[in-house]
Amino acid sequence: MIVRTPWYPEVPEEIAELCRAEGLELLGVTDAAADPEQERVYREWLAQGRHGSMEYLERHAAGKFSPAEIVPGVQSIIFVALNYYQRDRGGEAPSGTATEPDGAAPTDADGAVPIDGAAPIDSGAPPPRGRIARYAWGRDYHKELGKRLKRIARELGRRYPEDSFRAFTDATPLSERHYAEQAGIGFTGRHTLVINGEFGSWFFLGEILSTRYVPPGEPAGIHHGACPRTCARCIDVCPTGALTAPHQIDASRCISYLTIEHRGVIPEDLRPLMGEWLFGCDLCQEVCPLNVRARETDVPAFVRPIAGSRVLLRELLHMRDHESFVDRFAGSPLMRPGWRLMLRNAAIVAANTGAVDLLPDLRASLTIDDAVIREHVNWAIDRLSDK
Ligand code: SF4
């Protein structure tokens, strides 16, 4: 269940005022105490290889639950959250941006683009698209939330020059989930994400590590609710079995990891399970009953789509270099995987969605001199040729 009106620990008015001025209403403060027991559990998780190829997480182990490893002398952490939820309005490509590859030949009514002399196959089906995780439809939140937090940190630094205030958005080893929960932002759901009583789980987290002591509200407990006793929807819906048990994630199987963080070849047995996901995955949040009261964000940077909720596979398959990818997706979270990996993902989604129309496009992309791309494109061609 989730509480109707969550209770937030009190935050000193000076901090609350600065955050409100930046449009950040959801906030909390916690002591920056180390948690050796959580670090032990985290190191065990690493030892089991659950982090896949994210080797940087091993380097993060010392600071994950020890904020002083990140900012020496840190006393308090000010947490903020920014709602990014928006309804899917059909996944149309953003207006004013290309929906077909630059310089492509004129398309027919179904969007089929003849390339390299290959005749398009006309199946009469709508042009195939891949899904984008909701947080990545608009502008990269690191920039949007980061600039607001930096302004707050700068102002605090001006008022208290003897202290240090460092702003971060997902850019430290710190376990944001753990400390945000301590700060009263929400509680950790069985899908391992923080759930807030008002916004569900659709929000970004950011924080300021402060060497000045900021008293946390009392008690800095959790007053947002809890997962219903028998609910396991997020675990059941996960196509790759990444949620191995309540609060346990095998990141090496998570579609978000596979499509965004993993730089190499995706294990063949996992590819068909990725379905239509081109970038990230929202399934565990979409089925969560605690997201029913999610409210639409009013942050223009998130609402104005860059990638939008779906991207044409053909658009990605026609890109031949990083520059054309930057032209189309600059400012979007899709820049993290970049052109190579998004093309890799597009090949998988083409196969998973039975997009035989894309066979000529896939074959044409075999000219790209990249072993990872060729591996996935050949796999997709094999699967589609069987249809
Ligand atoms: S789907 Fe159910 S078990 Fe999973 S986080 Fe939501 S309420 Fe908790």
Side-chain angles (χ1 to χ4, degrees), residues 1-8 26 28 30 38 41-42 45 48 50-52 64 79-88 131-137 141 170 174-206 220-261 270 273-277 279-297 309:
M1 60 159 276
I2 199 156
V3 295
R4 268 209 177 277
T5 314
W7 176 87
Y8 295 102
L26 190 53
T30 182
Q38 286 295 326
V41 172
Y42 181 68
W45 182 81
Q48 291 165 0
R50 298 292 173 94
H51 58 309
K64 201 87 180 161
F79 262 96
V80 298
L82 190 56
N83 173 28
Y84 67 81
Y85 179 77
Q86 51 184 311
R87 275 186 308 115
D88 188 352
R131 292 192 70 186
I132 306 296
R134 198 169 245 101
Y135 84 85
W137 295 358
Y141 82 96
D170 191 33
L174 192 75
S175 171
E176 289 184 324
R177 175 188 55 72
H178 173 75
Y179 286 98
E181 188 170 357
Q182 301 267 317
I185 295 287
F187 69 94
T188 304
R190 294 190 182 118
H191 50 19
T192 75
L193 302 170
V194 181
I195 299 175
N196 173 275
E198 285 181 275
F199 297 96
S201 56
W202 306 106
F203 55 84
F204 300 120
L205 286 169
I222 294 114
H223 297 268
H224 294 269
C227 291
R229 198 167 52 83
T230 56
C231 183
R233 287 192 201 179
C234 51
I235 296 168
D236 295 342
V237 79
C238 181
T240 56
L243 290 168
T244 54
H247 304 110
Q248 301 290 327
I249 186 162
D250 181 348
S252 70
R253 297 184 68 84
C254 176
I255 293 173
S256 287
Y257 157 79
L258 294 169
T259 55
I260 303 168
E261 298 296 326
L270 294 180
L273 308 179
M274 290 162 58
E276 297 177 38
W277 291 102
F279 178 100
C281 171
D282 279 335
L283 290 176
C284 62
Q285 298 191 85
E286 286 176 348
V287 299
C288 179
L290 305 186
N291 272 334
V292 287
R293 293 213 303 271
R295 287 187 243 149
E296 298 261 335
T297 183
S309 65

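Remember, it's 1-based here, ligands and their atoms both numbered in the order they're listed.
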TODO: Determine whether any heavy atom of L290 lies closer than 4.0 Å to an atom of ligand 1.
DONE: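 It does; at least one heavy atom falls under 4.0 Å.
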- [ ] Tell me whether C234 has at least one N, O or S atom under 2.8 Å from atom 4 (Fe) of ligand 1.
- [x]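 A backbone or side-chain N, O or S atom of C234 is under 2.8 Å from atom 4 (Fe) of ligand 1.
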Task: Taking every non-hydrogen atom, the tightest pair across W277 and T259 - done: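 So the minimum-distance heavy-atom pair works out to O-CG2, 3.8 Å.
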Open item on the list: So which atom in S252 and which in L270 form the shortest heavy-atom distance, rounded to 0.1 Å?
Closed with: O-CD1, 4.2 Å
With heavy-atom distances below 4.0 Å as the criterion, list the atoms of ligand 1 near [X].
| X | value |
| --- | --- |
| R190 | 3 (S), 5 (S), 8 (Fe) |
| H191 | 5 (S) |
| P228 | 7 (S) |

TODO: Could you confirm whether C227 has any N/O/S atom lying under 2.8 Å from atom 8 (Fe) of ligand 1?
DONE: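 Yes.
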Task: Under 2.8 Å: N/O/S of C231 next to atom 6 (Fe) of ligand 1 - done: no
Open item on the list: What protein heavy atom lies closest to atom 6 (Fe) of ligand 1? Include the residue and the distance to one decimal.
Closed with: C288 SG, 2.4 Å
Can you check whether [X] reaches [Y] side chain to side chain, under 4.5 Å on heavy atoms?
| X | Y | result |
| --- | --- | --- |
| W202 | D282 | yes |
| F204 | Y84 | yes |
| T244 | R50 | yes |

Task: Atom pair CG/CZ of L243 and R190 - distance to nearest 0.5 Å - done: 11.5 Å
